[in-house]
S.K.: 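Can you keep this structure in mind? I'll have questions shortly.
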Amino acid sequence: MAQTPSGQNPYIPPYSVSSPRDESNLNRYAFRIAMAAAIGGFLFGYDISIISGALIFLKSEFSLDPYQEGFAVSSAALGCILGPLVAAALSDKIGRRGTLVVSAILLFVASLGTALPNDMITFNAFRILGGVGVGLASVVTPMYIAEMAPARLRGRLVSVNQLAIVTGLFLAIVVSYWFSFSGNWRWMFGSECLPALAWLGLLFALPESPRWLVEKGRDAAALGLLTKSEGVEQSGAALEEIKESLREEVGGWSELFQPGTRVALLVAVMLAIFQQVTGVSILLVYAPTIFMSAGFNLPSDAIWQAIPLNIWNIICTATAFWLVDRWGRRPLLLTGTAAMAVGLVFMGLCFHYHWTGYAVVVMMFLCVGAFVGSLAPLAWLIMSEIFPTRVRGRAMSIAGISLWIAFFATSQFFPYLRLYFEREYGSPAGVFWLFSGVSLFAMLFCWRLVPETKGRSLEAIAASWK
């Protein structure tokens, strides 16, 4: 069994702090870093969600057919696919923080660009540009937080990013509701430029990841940062563990396909795909449209129903944030995916038997609560934990690309699937039953292959695959 340079078993949480006061100070520093970085998650959620309220008005103004409706939503995903393609090389070359600066600039430009066009071609072009920014942030933000976080807090700190994502989802819906009475979809998109500009300013005050600094030979700077997060007594051991991990790693693309690491890559890619193709993520994006199908005829009424749904989203994410380092990753994953499968069955029954109105709202609450309490945050968390440092950027890029391809496919074809089942069977129930089957398969996959990573250092987790 591998040993750390300090002689500790890497499968046991290796770091501790000497006093409650020291721990409190270290925790505050780590949380401040995570919260500032997680504004990228907020913009991720805001950018993806703002289309859900605006879509009703875009369909009317530009007379969109089902293909155009799907592409108005999924066009951002094309950019999100491009983002991870460059995230690996960029984050390794200019650092995690530098890559996030690029992301913030792209999101700022795209928010202005989507507010101004008079045709869907220009609109979709800027949505794709914003998607590149989202794709960069989606991969690099959790990776940066995971590399900055001490093992004892990593689950909660990376989950801060998910809490930021759902907060962005919520505020985007609130903004959409505010402008729904005038139908001004341009202000919906333009509103994103303010948080993007604020994030850009905050990023210049953040440090670089200590693991990236060690990889670039800047050990003294890395030690200073580790002292702030791990404490004086443990910072030396943490630095040596990172250096030992880097010495053992090859760092090329081929390392991802070596025995052990390729299993980690399979786990990351499948979790990324499951996060999208289980369907609940798409329910959030299309929530106002679904609510209009369920009997809420006015756009403002349909958007209003999505506001308590997104408040519930935040509550469940905060609960997962509290539980992830107490219960562990696996129990939350298995419970959540099982609940999603059950909730989607009942969601389908609502449409099959034409139970409209608040019956659909209640089932949406069940599905969304199970999703955001498990697969939504834990896919990103586990993806950011399970790889060796030298290949983490490349591995996260592959997983991120997989996620956004799945998001593009699901969001593009959801309107078609809904229309097909409505035309052939009289209701869209079959779509939700299809998603339920995928959720059940996701639960079985997690039970069989996803490891427990709670309380273990990143280096120990990477070593366990060998």
Side-chain angles (χ1 to χ4, degrees), residues 4-6 8 10 13-18 22-23 25-38 40 87-88 90-101 137 139-158 160-161 202-249 251 380-381 383-396 453 455-463:
T4 65
S6 59
Q8 291 173 302
Y15 306 127
S16 60
V17 288
S18 56
D22 290 340
E23 182 174 9
N25 290 335
L26 298 177
N27 290 355
R28 280 198 297 271
Y29 172 78
F31 271 101
R32 284 198 300 269
I33 294 292
M35 290 178 70
L90 202 60
S91 65
D92 286 341
K93 184 175 180 61
I94 67 174
R96 294 15 173 173
R97 185 190 66 171
T99 306
L100 293 178
V101 168
V139 170
V140 181
T141 298
M143 179 167 63
Y144 173 78
I145 295 173
E147 292 186 354
M148 291 294 298
R152 67 183 182 276
L153 294 175
R154 192 175 57 249
R156 277 175 282 174
L157 292 183
V158 177
V160 166
N161 186 56
L202 276 174
L203 284 172
F204 288 105
L206 294 183
E208 189 46 84
S209 155
R211 286 169 173 81
W212 183 82
L213 291 172
V214 172
E215 189 175 357
K216 299 304 177 183
R218 298 165 60 183
D219 292 6
L223 182 62
L225 290 174
L226 290 168
T227 300
K228 293 180 180 180
S229 61
E230 302 286 359
V232 175
E233 296 179 0
Q234 305 297 338
S235 58
L239 179 64
E240 286 303 315
E241 188 174 14
I242 293 170
K243 292 170 71 174
E244 178 64 24
S245 174
L246 290 172
R247 280 193 292 268
E248 294 176 355
E249 296 168 9
W380 291 112
L381 171 58
M383 284 156 50
S384 69
E385 290 181 317
I386 59 178
F387 295 103
T389 301
R390 284 193 193 275
V391 298
R392 187 171 295 124
R394 294 178 178 88
M396 287 287 287
T453 57
R456 297 160 64 185
S457 72
L458 295 177
E459 288 68 36
I461 297 167

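Position 1 is the first residue of the sequence; numbering continues from there. On a predicted model such as this, the values are computed, not experimentally measured, just so you know.
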S.K.: Measuring from atom OG of Ser91 to atom OH of Tyr144, what distance do you get when rounded to the nearest 0.5 angstrom?
M.R.: 13.0 Å

S.K.: Apply side-chain hydrogen bond (donor to acceptor under 3.5 Å, both in side chains) to Arg211 and list each qualifying residue two or more places apart in sequence or on a separate chain.
M.R.: Glu459

S.K.: Closest heavy-atom contact between Ala38 and Thr141?
M.R.: CA-CG2, 4.2 Å

S.K.: Which atom names give the shortest non-hydrogen contact between Glu208 and Arg96, and what distance separates them?
M.R.: OE2-N, 3.1 Å

S.K.: Answer yes or no: is there a donor N or O on one side and an acceptor on the other, between the side chain of Lys216 and the main chain of Lys93, under 3.5 Å?
M.R.: no

S.K.: Which is it for Val214 and Asp219 under the side-chain contact (heavy atoms from CB on, under 4.5 Å) test, yes or no, and what are the steps along the way?
M.R.: CA-CA 5 Å; Val214 172; Asp219 292 6; 4.1 Å; yes

S.K.: Mind listing the closest non-hydrogen atom pair of Pro142 and Asn161 along with its distance?
M.R.: CD-ND2, 4.0 Å

S.K.: Could you tell me the separation between the CD1 atom of Ile33 and the CE atom of Met35, rounded to the nearest 0.5 Å?
M.R.: 12.0 Å

S.K.: Looking only at heavy atoms, which two atoms of Phe204 and Val101 are closest? And how far apart?
M.R.: CZ-CG1, 4.0 Å

S.K.: Answer yes or no: is there a donor N or O on one side and an acceptor on the other, between the side chain of Glu147 and the main chain of Pro210, under 3.5 Å?
M.R.: no

S.K.: Compare all side-chain heavy atoms of Leu225 with those of Tyr29 and state whether any distance is below 4.5 angstrom.
M.R.: yes

S.K.: In Å, rounded to the nearest 0.5 Å, how long is the span from CG of Leu223 to CG of Leu239?
M.R.: 5.5 Å

S.K.: Atom CZ in Arg97, atom CG in Leu206: separation rounded to 0.5 Å?
M.R.: 7.0 Å

S.K.: Kindly determine whether Met148 and Leu157 satisfy side-chain contact (heavy atoms from CB on, under 4.5 Å), including the steps that lead there.
M.R.: CA-CA 9 Å; Met148 291 294 298; Leu157 292 183; over 6 Å; no

S.K.: Report the distance from atom CZ of Arg32 to atom CG of Leu202, rounding to the nearest 0.5 Å.
M.R.: 13.0 Å

S.K.: Does the side chain of Val160 come within less than 4.5 Å of Ile145's, by heavy atoms?
M.R.: no

